[in-house]
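A note on names: the letters A, B, ... follow the listed sequences, proteins ahead of strands, and every chain is numbered from 1.
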4 protein chains.
Amino acid sequence: MPAVSPQSRRPRSGNRRDESARLAVLHAADDLLVEHGFGGLTIEAIARSAGVAKQTIYRWWPSKVEILLDTLIEDSEKRFPVPDGKPTAENLRGYLRGFARFVTRDPAGKVLLALLAEAQHNPGTAEILRERYLDPRRDRERALLARAIEAGEVSPKLGPDAVLDALVGPIVYCVLTGSSVPRGLVDTLFDDLLRPRPD
Amino acid sequence: MPAVSPQSRRPRSGNRRDESARLAVLHAADDLLVEHGFGGLTIEAIARSAGVAKQTIYRWWPSKVEILLDTLIEDSEKRFPVPDGKPTAENLRGYLRGFARFVTRDPAGKVLLALLAEAQHNPGTAEILRERYLDPRRDRERALLARAIEAGEVSPKLGPDAVLDALVGPIVYCVLTGSSVPRGLVDTLFDDLLRPRPD
Amino acid sequence: MPAVSPQSRRPRSGNRRDESARLAVLHAADDLLVEHGFGGLTIEAIARSAGVAKQTIYRWWPSKVEILLDTLIEDSEKRFPVPDGKPTAENLRGYLRGFARFVTRDPAGKVLLALLAEAQHNPGTAEILRERYLDPRRDRERALLARAIEAGEVSPKLGPDAVLDALVGPIVYCVLTGSSVPRGLVDTLFDDLLRPRPD
Amino acid sequence: MPAVSPQSRRPRSGNRRDESARLAVLHAADDLLVEHGFGGLTIEAIARSAGVAKQTIYRWWPSKVEILLDTLIEDSEKRFPVPDGKPTAENLRGYLRGFARFVTRDPAGKVLLALLAEAQHNPGTAEILRERYLDPRRDRERALLARAIEAGEVSPKLGPDAVLDALVGPIVYCVLTGSSVPRGLVDTLFDDLLRPRPD
DNA sequence: CCATAAGCGAGACGGTACGTCCAGTCTTCCC
DNA sequence: GGGAAGACTGGACGTACCGTCTCGCTTATGG
C-alpha cells in the first residue's frame, strides 16, 4: 500500500488535472444524492459541497449524470463484479444475490436507481447509461450465462437477454416501487427459469 | 330579447370549478410529457399550453406529479382494467399482455414510467404513487389472482405479491432500460410461474 | 340623534345598498392603512378584514383610493373644518394649527399623506384627489382668506394660492420627510407672510 | 496574428461587476419612471428594458427604491449641487431656484417626488431616503446657511432647519399637488424669511 | 530559465421556472 | 337587485440553478 503523498499535502495542482478535486466532486455527488435525493443534487450544490468551482465540474463532466455514472461504474465493480471464473450455477446465483443486495441495501445502489430514473426523463441519459453501464455489464453477464449453459450447469428455455431481464427485472421493480424483495423470490426465479422442467 | 341559447356553451365557470380548464390541464400535461419529456413538463409550460393561469393549476393540484397521476389513473382504467369477471388463466394472461402493451406502445404508458422514475427522485412522489395508483391496483390484482387460484386455474409456488412482481417486473425493466420486451417473455413467465411442475 | 336601528339588527339588506357593508369597508381600509401601511392595503385584505365580498367593493368604489378619499373627506370635516364664521386672524391661525395637528398626530391624517403619495405614482389618483378634496377645500380656504383681507385682518404680499401653499407646504414637507414640525414654524410663517412689513 | 485591439471593447465582464449593466439598469429605471410612472416601474420591466437578468438587479440593489436613489443622488449633484463657494445671498437664492427648476421641469426631478411618495407607503424607504439623500444634503445646506449668516448676508428669525423647510416645503407642496409654483413665491419667501424686518 | 499554457476558485452574467400574491372580472346561489 | 363566495386570467414578486464567461492566481513544461 503506497503512501498517500510524500510531502504533507499538495495545495494546488498547477498544470495537470487536480485529482483531489475530482475525488471531492465524486464524493460530494454521492453524499448529496444519499442525503438530499436527486432533487438536491445540483451542480451548484456539488461545487459548494466539494469546495470546487462550477467551471471545474463543467470542464470534466458533461452533466451531473456522468458524475454519478463514474461513481456507479467504480462501485459496481467493487461490490458485485460479474464473475469470470467457473461458470457454476452457484456462482450465477451468488451474482444475482449480490445484485439484489447492492440495489436494496448499499447506499451506492441508490445511484443506479437514480440513473435508471433519470434515463426516463432524459433520452441522452438513457443512451449514456446503456452505453457506459448497462450494455457492458450485460455483455459480460451474457458471456457468463453462455459458459454456464455450455457447461451444462443451467438450461433456460428463454433467450439470454430475456432470461437475464426475467431475473433482474423483478428485483428492480420491487425496489422501484418501494416494496421489499419477497423472501425466496430470487431463488424461485432462478430455479424455475434456469432449470425448467423438460416439457 | 331572447337568451342566446340555454345549453349552447358555457363561456366561464363562475363560482364552480371549471371542468374545461381541468381537462385542458390534463391533456396539456399528457401532450407535453410525450412531446418534450418530463424535463419539458413544467407548470409554466402546462399553463401556457392549456391556456390557463398558473394559479388555477396550483389551486387544484399540489404538484405536476398529481396531474400526471390523475391522467394515469383515468387512462389505466380505460386501457387495461383489472378484470373482475371469470378468473380464468386466459383472462389473467390477457391482462398481463394488456399491461405490456400499455407500457410499451401506448403514449399514456409513458406517464407510468415517468412517475415511477420521479418516485426515485422524490420520496413524496413515491408515497402518493403507491397510495393512489400502485397499491389500489395491486389489491385488485391480488384479488383476481386469489380467485384464479381458488378456481384451480393457476397454482403458483410464490406468494401473491412475489408472483405479481415476478410477472410485471421484467416487462417494466425492459422498458426502463430501453430494450424491447423479448418475444415470448410474458408467456414463458406466465407458464413457468403460475403453472409450475409439481416437484 | 336617531337610534341606530329599531329592531335589534338587520342581518341582510335585500334590495338596497347595505350600509353596514359600506361602513365595514371604510373602517377596514382605515385600520389596515394604520396597521400595515399602504402596502398592506389591498382590496383582498379589505374584503377579508371587513367580511365582505370583493365584488361588493368593486361595485361601489372604482379603486381603493376612493375608499380612502371617502374616509378622508368625512374625517377632515370633523377634525378641522374650514371656519366660515368671523374671518379673524386668530381663526385663520387656529385653522392652520388644526391642520398641523391633523397631519402630525391624528391617525386619520395618515390617509391624506398616503393619498398625496399615491397621487405621485398615479395620475388618476392625482386628479380625483384634487377634484374631490384639495380643490374644494382650497376654494373655501381662499374664500376665508379673502374675507380676512377685506376685513383688514391680514394683508399678504403674495397671491391667495401662493400664500396658502407657503403656509401649508412647510408643514406637509416636514411630515413627509419624517421630521417633526419645528416649534414656532407655523406662527412665524403666519406673521411673516400675512402681516408683512410695508416696504 | 496580432491581438484585435488592446482597449477596443470589453464584451463581457467576467468576474467583476459589469459597469454597462449597472448603467443600463439606472437608465432603464429612469426612463420607465418618466414614461410609465412608478406603477410601471417593476423589476421585471427594468430587467426587460435594460436587457439584463433579474438576478443581476437583485444582486446589486435591495429594491427598486435603491436604484432610484442611486440615480437621484447622481443627478442631484449634477443639476443643483449645494454651492460651497462664497456664501452670498445670491448664491443661496440661486440654489433655491435650481431646486425649484429640478423638481418642476427636470425629468430627473420626478425621481425625488416618487421616492418622497414611496417613503409614505414604506417606512424602510423613508429611512434610506433620509439616510442617503435628505440628511446629507440638509447637512450641507445647513452649513451653507450658517456661513451666510456669519457673513451677514442673511439673518433669519427661524432656526436653520425650520427656515430650510419653510423655503423648500412650499415648492415641494405645489409640485405634489400638481399646481404650478406661483411666480414670485421663491423670491418672496426668500426675502421675508431670510431678511426679516427688525421688529 | 523564463514564457506560456492549462487547471483552478471565484463569481458575475442572461435566462428560465419556481410557488405566492393580488388585481380585476365573472358566475352562482341565497336573501 | 344586493351581497357572500370564490374560480378565473394575468402578471409581478423574490429565489434557485442553469450553463457560459472572465478574472487573477498557481504550477509544470518546453523553446
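Qualifying side chain to side chain donor-acceptor pair (under 3.5 Å) partners for A:E127, counting only residues two or more places apart in sequence or in other chains: none.
Within the 4.5 Å cutoff, no side-chain heavy atoms of D:V52 are placed close to those of D:D18. The shortest side-chain heavy-atom distance between D:E118 and D:V65 falls under the 4.5 Å cut-off.
Considering B:V111, B:V25, B:L72 in turn, B:V25 is the only one that fulfils the side chain to side chain contact (heavy atoms under 4.5 Å, CB included) rule with B:I67.
As a whole-Å value, the separation of C:I67 CD1 from E:dA23 P is 10 Å. If you take CD1 of D:I46 and P of F:dC13, they are 8 Å apart, rounded to a whole angstrom. The CD atom of B:E19 sits 14 Å away from the C1' atom of F:dA7 (whole-angstrom rounding). Counting to the nearest Å, the P atom of E:dT28 and the CG atom of B:N15 are 9 Å from each other. In this structure, CZ of B:R17 is placed 18 Å from P of E:dC29, rounded to the nearest angstrom. Separating the CZ atom of C:R59 from the P atom of F:dA5 is a distance of 14 Å, rounded to the nearest angstrom. Between B:W61 atom CH2 and F:dA7 atom P there is a gap of 13 Å when expressed in whole angstrom units.
Screening residues 29-42 of chain B for side-chain hydrogen bond (donor to acceptor under 3.5 Å, both in side chains), with sequence neighbours left out, gives no hits. Listed by first and then second residue, the ring-ring contact (aromatic ring centres under 6.0 Å, His included) pairs that reach into residues 110-130 of chain C are C:H121-D:F38, C:H121-D:H121, sequence neighbours excluded. Sorted by first and then second residue, the side-chain hydrogen bond (donor to acceptor under 3.5 Å, both in side chains) pairs involving residues 58-70 of chain B (not counting sequence neighbours) are B:W61-B:D70, B:E66-B:R132, B:D70-B:R132.
Distance from the side chain of D:A53 is smallest for E:dG15 among the nucleotides E:dC8, F:dC8, E:dG15.
Smallest separation of non-hydrogen atoms from A:G40 and A:A45: O-CB, 3.7 Å.
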Report each atom pair, protein N/O against N/O of nucleotides 15-18 of chain F, whose distance is under 3.5 angstrom.
| unit_1 | atom_1 | unit_2 | atom_2 | d |
| --- | --- | --- | --- | --- |
| F:dC18 | OP1 | A:I43 | N | 3.0 |
| F:dC18 | OP2 | A:I43 | N | 3.1 |
| F:dC18 | OP2 | A:E44 | N | 2.9 |

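For D:R16 and E:dG11, a side-chain-to-base donor-acceptor distance below 3.5 Å is absent, hydrogens and geometry of angles not being considered.
At E:dA12, none of the side-chain N or O atoms of D:W60 fall inside 4.0 Å of OP1 or OP2 (strictly under the cut-off). The side chain of A:T56 places an N or O atom within less than 4.0 Å of a non-bridging phosphate oxygen (OP1 or OP2) of E:dG9.
Contact check of residues 25-36 of chain D against DNA chain F (heavy atom, cut-off under 4.0 Å) returns no residues at all.
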Checklist line | CA sep, side-chain torsions, deciding dist, call: B:Y133, B:I73, side chain to side chain contact (heavy atoms under 4.5 Å, CB included) | finding: CA-CA 7 Å; B:Y133 184 78; B:I73 290 169; 4.0 Å; yes

